[in-house]
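Only one structure is covered here, and it is reproduced in the block below.
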Amino acid sequence: MSTTELPPTYDHAATERDLYARWQDAGVFTAHAERSRRAAGDRDPFTIVIPPPNVTAVLHMGHGLNNTVQDVIMRWRRMSGDEVLWVPGTDHAGIATQNVVEKQLAKEGKSRFDVGRAAFVARTSAFVAETGGTILSQLKAIGASADWTRTAYTLSPQLSRAVREAFVRLYERGLIYRGHRVIHWCPRCLTSLSDEEAEHHDVHGRLYHISYPITPANATEEPRFITVATTRPETLLGDVAVAVNPNDERYQDLIGRTVMLPIAEVEIPIVADEYSDPTFGSGAVKITPAHDANDFEVGQRHGLPMPVIMTPSGQIGEFMDAAGRVPPALDGLDRFAARDAIVQMLEAAGRLEKVEPHPHSVRRCYRCETVVEPRLSDQWFVKMKPLAEPALRAVREREIRILPERWEAVYINWLEGIRDWNISRQLWWGHRVPVWYCDACGKVTASRDDVERCPSCSGPVHQDEDVLDTWFSSGLWPFSTLGWPDDTADLKAFYPTDMLVTAPEILFFWVARMIMTGFAFMGEAPFHTVYLHGTVRDTNHVKMSKSLGNGIDPLDVVALYGADALRYTVVAGMGLGADTILDPKDLDRSFGPGRNFVTKLWNMGRFLLTNVGDDSVLAVTNIPASDFTRADAWILERLNAAIAACNAALGPARPGATQWRDDERYAGLRLNEYTEAARNFVWNELADWYLESVKGRLTTAGDDRNVARAVLVHAFDYALRLLHPIVPFVTEALWQRLPVYKNGTFLTTASWPAVARYPGQPAEFDRVIEGVAAIRQLRGEYGITPGKLLSGIVIPSAAAHPIFAAETGLIERLTRCTLTVAKASPAGAAAHQVLSDGTEIVLPLAGAIDLEKECSRLKGELEGLEQQLTGLRARLQNENFVSRARPDVVEAERRKEQEWTVRREQLAGKVASLCGT
RNA sequence: GGGCGAAUAGCUCAGUUGGUUAGAGCGCCUGCUUUACACGCAGGAUGUCGGGGGUUCGAAUCCCUCUUCGCCCACCA
């Protein structure tokens with residue numbers, strides 16, 4: 001690409017389209033297993049597996065944030081010389097996808113049962129094939145440098161093999177079993193849910209106190225009652241007992257007797273069980289084993305029946321073992337309607353003692369928000385304790401770190417109290433449970449391959465009807481996507497992966513389970529770093545969502561502001577683990593700064609290219625030390641500082657050993673700090689000072705012009721490298737136009753900048769900066785418009801004398817002054833500034849200066865300085881400070897004291913001579 | 001009910017193990033067609049660091065307490 005003049009405005013749309021296509025055509029995102037050090041290569045592998053979005057998802061801001069973070073890290077590592085693999089892909093998302101297709105069917109007036117299982121699955125597959133994976137192409141629009149040749153899908157044949165392998169191995173190890181117990185059931189989705197999928201929501205409910213009449217021991221006994229309290233009176237139809245605490249004195253005589261269950265008119269026993277808390281309510285609790293997990297356990301302990309009194313869709317009915325319990329008036333009523341009806345019936349019968357407001361929490365289905373119904377059923381479970389053990393150890397022993405740190409405690413707490421995982425779902429969309437039942441002998445077979453006949457009796461078999469929890473397959477993602485269970489080159493080269501970047505919401509759903517399966521099947525942790533970023537919220541701190549209408553469409557942002565602006569905004573605003581607040585009502589406020597920054601870069605590039613030209617540029621390393629100007633030395637030193645700051649903010653990419661050391665454990669991944677360090681260098685140092693200072697040199701032919709060209713190109717080149725992970729498009733577009741550009745290369749694969757040693761005295765240019773700033777300040781204070789030339793005098797300190805003498809021309813240009821370097825102050829009215837080393841800047845402003853005003857200004861300054869100096873000296877004379885503070889802090893204070901003393905003397909002298917005191 | 005986090009300029013947020021005069025961006029005020037950029041340049045104003053108490057030579061930073069938000073977890077009917 002030639003270095004012809006750039007168009008005055010940056011066309012982000014055209015540039016992004018063109019560059020992404022060229023990156024892809026050149027295969028720069030494609031990983032090569034053979035280059036990994038774990039294979040035959042010499043590069044450290046660096047792998048991230050994407051948190052697979054639902055296959056039917058469309059890009060939202062949360063994806064935008066998540067994938068920008070991953071891409072920044074990936075591009076940084078790629079430039080750092082790692083063999084980088086970012087595995088993209090999608091999740092078949094069992095319930096979510098099935099719900100979408102069911103809704104489509106509903107519009108046609110049909111349910112999935114009307115079309116049948118095979119047709120439904122076929123239809124869903126077709127739907128996914130047609131519209132699924134949209135999000136992956138949308139990720140390209142934000143610049144995601146994923147390896148699209150390795151795109152994975154949880155329901156692909158390859159990953160389905162991994163799912164079966166995992167299931168069968170766990171089954172063979174006795175870690176998967178069939179359990180008959182109360183699980184969370186969604187009456188709308190018609191499936192069981194795991195504990196994690198049934199989310200707690202606080203509600204203002206009611207506590208109903210109901211009295212159950214005790215069956216009289218004989219005809220003469222007075223009527224007695226026992227009161228129970230419940231928030232769900234409708235479950236009363238399934239009561240099989242009333243439990244009291246065995247130590248509760250109030251009820252000793254009632255244990256073993258029976259009560260008549262109202263409405264159902266069934267006689268049930270009073271049992272003694274520790275579960276009953278004597279301090280709650282009346283101390284007696286109704287037991288409904290089929291509709292409450294605790295009651296189920298009580299029921300088991302006492303060998304009680306377990307009638308199910310609701311249909312799967314949540315209507316009252318004699319579903320299982322409930323014959324004779326449901327009166328016709330209630331049969332078929334929805335559970336909440338039945339609640340009202342039962343309350344009325346109880347009231348009418350005089351059995352409702354009281355109703356109290358009762359704040360408590362109910363669980364809702366995480367996909368459809370329907371209140372979950374505890375329900376007795378047969379499900380497949382994974383025994384979690386043995387799997388959790390190595391996953392706990394890995395974090396405790398620092399093999400895995402979780403950032404921000406506080407989530408490690410949450411993770412550990414959850415794993416310590418982990419309960420068995422219900423993995424079967426009564427859905428049709430997903431991996432069918434690979435278990436076959438013999439119709440003849442009843443043998444149960446878990447198998448990697450489809451089973452045609454019973455392996456023991458050759459009888460006919462049928463497969464389990466359920467599918468697996470969608471998180472079962474995503475839990476295998478770090479290795480299933482690399483080819484497991486086969487021993488593939490990718491698996492060898494790239495497993496374990498390195499980092500996992502996601503939101504805390506799925507720490508348990510996904511992250512913890514990947515760690516457990518990583519140990520269970522691969523014998524190693526799947527990654528060494530879990531980076532949990534925040535959530536995207538609006539200015540009211542409400543989570544952005546389509547349904548709430550407070551979302552921002554990332555593609556809108558890309559169209560209006562460009563992908564780079566989107567990325568810059570996301571990364572710059574991201575404190576470690578902190579939420580990202582964006583204003584959906586004012587996109588300009590959120591994304592304007594990002595766009596402005598991109599424009600700034602573009603204009604720096606325009607300036608550079610028009611002024612540097614096409615001619616070859618010297619390498620900075622080939623320039624003799626004596627040829628560097630103060631500005632050159634300064635900007636090269638600032639560049640070093642910027643590189644160091646960026647590296648420190650990004651942190652170590654991997655642990656130095658098998659475990660994280662203390663000093664590196666929570667270091668890095670401060671993307672906001674990285675962004676700020678790079679931005680500050682480019683804008684406030686390179687553009688504001690170096691670029692301005694170099695203008696004169698570029699217009700004058702000669703050796704110095706070539707030095708200036710070389711340093712400018714070098715600094716800009718490195719600046720673009722530092723910024724490329726954040727704003728890949730504009731940096732690549734500019735970089736390819738630099739005179740040092742080699743055809744066919746990409747910034748994407750260029751090397752990450754390294755700190756180097758450059759000659760010169762960088763600090764000397766700081767004097768110049770200080771002088772310029774002082775003059776500008778005087779201009780501002782005295783209202784001398786920048787357009788107006790004025791003359792000034794510099795009276796430099798001895799050390800600064802050669803600097804100001806030599807740099808007068810530059811200072812004049814930057815301030816539009818004419819300056820004289822002198823040894824004495826001029827007579828007459830003048831404005832003064834005293835620099836930190838005592839250098840005086842004097843602007844004679846006959847007529848413009850009010851001597852009194854100038855005096856009071858200088859006096860005020862002196863006074864302030866003296867106050868500070870007093871404080872500083874007190875600190876330095878304080879033994880405690882000198883002995884306890886860090887030595888470098890003390891040293892800095894001492895230097896400061898010297899500097900301030902010089903300045904104070906100068907200021908005092910100035911005040912004395914000017915103001916006559 | 002248990003645990004965690006947050007509260008700093010009008011807004012969104014930085015502030016690393018306590019250590020100069022608490023910073024950035026946006027917004028605001030003043031000025032500027034300075035030949036890359038008005039999506040810019042130069043200058044400026046703005047903070048009882050949520051309240052109270054404590055530790056310390058020194059606290060936005062550590063401890064206690066209160067207030068207000070937010071998050072996670074939870075079988076008390």
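Atoms considered below: every heavy atom in the structure, side chains included; atoms not considered: hydrogens, waters and symmetry mates.
With both ends at atom C1', the span from B:C57 to B:G40 equals 48 Å, rounded to whole Å. Here the separation of B:C4 from B:A22, taken at their C1' atoms, is 27 Å to the nearest Å. If you take atom C1' in B:G19 and the same atom in B:A24, they sit 22 Å apart, rounded to whole Å. B:A7 and B:G52 have their C1' atoms separated by 16 Å, given to the nearest Å. B:C72 and B:C11 are spaced 26 Å apart, taking the P atom of each and rounding to whole Å. One P atom belongs to B:C49, the other to B:A59, and the distance between them is 12 Å to the nearest Å. For the P atoms, the distance linking B:G10 with B:C29 amounts to 16 Å, nearest Å. Taking the P atom of each, B:G3 and B:G25 are spaced 41 Å apart, rounded to whole Å.
The pairing partner recorded for B:C76 is none, the criterion being a Watson-Crick or G-U wobble arrangement whose two distances lie under 3.5 angstrom. Under the Watson-Crick and G-U wobble criteria, each requiring two contacts below 3.5 Å, nucleotide B:C4 is paired to B:G70. Across all strands shown, B:G40 pairs with B:C32; the Watson-Crick or G-U wobble distances both stay below 3.5 Å. The pairing partner recorded for B:A45 is none, the criterion being a Watson-Crick or G-U wobble arrangement whose two distances lie under 3.5 angstrom. For B:U55, there is no paired base (Watson-Crick or G-U wobble, both distances below 3.5 Å). Summarising the base pairing, B:C11 is matched to B:G25 through a Watson-Crick or G-U wobble pair whose two defining distances lie under 3.5 Å.
At the phosphate of B:C41, neither OP1 nor OP2 sits under 4.0 Å from any side-chain N or O atom of A:Arg776. For the OP1/OP2 pair of B:C41 and a distance below 4.0 Å, the side-chain nitrogens and oxygens of A:Lys600 include at least one atom meeting the criterion. OP1 or OP2 of B:C75 has at least one side-chain nitrogen or oxygen of A:His200 nearer than 4.0 Å. Between A:Arg363 and B:C75 there is a side-chain polar atom (N or O) within less than 4.0 angstrom of OP1 or OP2. When the side-chain nitrogen and oxygen atoms of A:Trp683 are compared with OP1 and OP2 of B:A36, none of them lie within a distance under 4.0 Å. Dashed line: the shortest gap from a side-chain N or O of A:Asn596 to OP1 or OP2 of B:G40 is under 4.0 Å. A:Lys695 has a side-chain polar atom (N or O) that falls below the 4.0 Å cut-off from OP1 or OP2 of B:A36.
For the residue pair A:Thr235 and A:His291, no side-chain donor N or O sits within less than 3.5 Å of a side-chain acceptor on the partner.
Taking every heavy atom of both residues into account, A:Leu392 and A:Tyr411 meet most closely at N-OH, 4.4 Å.
The residue A:His209 sits apart from the nucleic acid: no heavy atom pair falls under 4.0 Å. Within 4.0 Å of A:Asn611, counting heavy atoms only, lies no atom of the nucleic acid at all. Using a 4.0 Å heavy-atom criterion, one finds that A:Arg595 contacts the bases of the nucleic acid, with or without backbone contacts as well. Nucleic acid contact class of A:Arg232 (heavy atoms, under 4.0 Å, all strands): none. Using a 4.0 Å heavy-atom criterion, one finds that A:Thr279 contacts no nucleic acid atom at all. Here A:Trp414 lies out of heavy-atom contact (under 4.0 Å) with every strand. Residue contacts for A:Tyr10: at a heavy-atom cut-off of 4.0 Å it reaches no nucleic acid atom on any strand shown. Looking at heavy-atom distances under 4.0 Å, A:Gly283 makes contact with a base. Counting any heavy atom pair closer than 4.0 Å across all strands shown, A:Ala648 reaches no nucleic acid atom.
Exactly one residue among A:Phe509, A:Phe508, A:Trp407 makes a ring pair (Phe, Tyr, Trp, His ring centres under 6.0 Å) with A:Trp414. That residue is A:Phe508.
Nearest nucleotide to the A:Val410 side chain, out of B:G25, B:C72, B:C71: B:C72. For A:Arg816, the side-chain atoms get nearest to B:U34 when compared with the rest of B:C72, B:U34, B:C4.
For A:Leu582 and B:G25, the CG to P distance is 19 Å, given to the nearest whole Å. Atom C1' of nucleotide B:C71 and atom CG of A:Leu507 are separated by 13 Å, given to the nearest angstrom. When the P atom of B:C39 is taken as reference, atom CG of A:Asp564 falls 19 Å away, rounded to whole Å. We find that CG of A:Leu608 is positioned 15 Å from P of B:C37, with the value rounded to whole Å. Taking atom CE on A:Met574 and atom P on B:G15, their separation rounds to 13 Å, with Å as the unit. The CG-C1' distance, from A:Leu814 to B:C41, rounds to 12 Å in whole Å. One can place CG of A:Leu6 at 13 Å from P of B:C37, the figure rounded to the nearest angstrom. As a whole-Å value, the separation of A:Arg895 CZ from B:G19 C1' is 14 Å.
For the atom pair CG (A:Asp292) and NZ (A:Lys286), the distance works out to 8.0 Å, reported to the nearest 0.5 Å. Atoms OG and CD1, from A:Ser276 and A:Ile287 in turn, are 7.5 Å apart once rounded to the nearest 0.5 Å.
Ring geometry, A:Phe597 versus A:Trp683: the interplanar angle falls under 30°, so the pair is classed parallel (tilted spans 30 to 60°). Between A:Tyr10 and A:Trp602, the ring planes are tilted. Angles from 30° to 60° get that label.
One donor-acceptor pair, N or O on each side, does fall under 3.5 Å between the base of B:A36 and the side chain of A:Glu692. For B:C11, its base sits under 3.5 Å from the side chain of A:Arg589 at one donor and acceptor pair at least.
Taking the charged nitrogens against the carboxylate oxygens, A:Glu408 and A:Arg665 do have a contact shorter than 4.0 Å, which makes a salt bridge.
The environment of A:Arg813 atom CZ is dense: over 12 non-hydrogen atoms of other residues, nucleotides or ligands sit within 6.0 angstrom.
Residue A:Asn672 is the one, among A:Tyr275 and A:Asn672, whose nearest nucleotide of RNA chain B lies closer to the 5' end (criterion: closest heavy atom).
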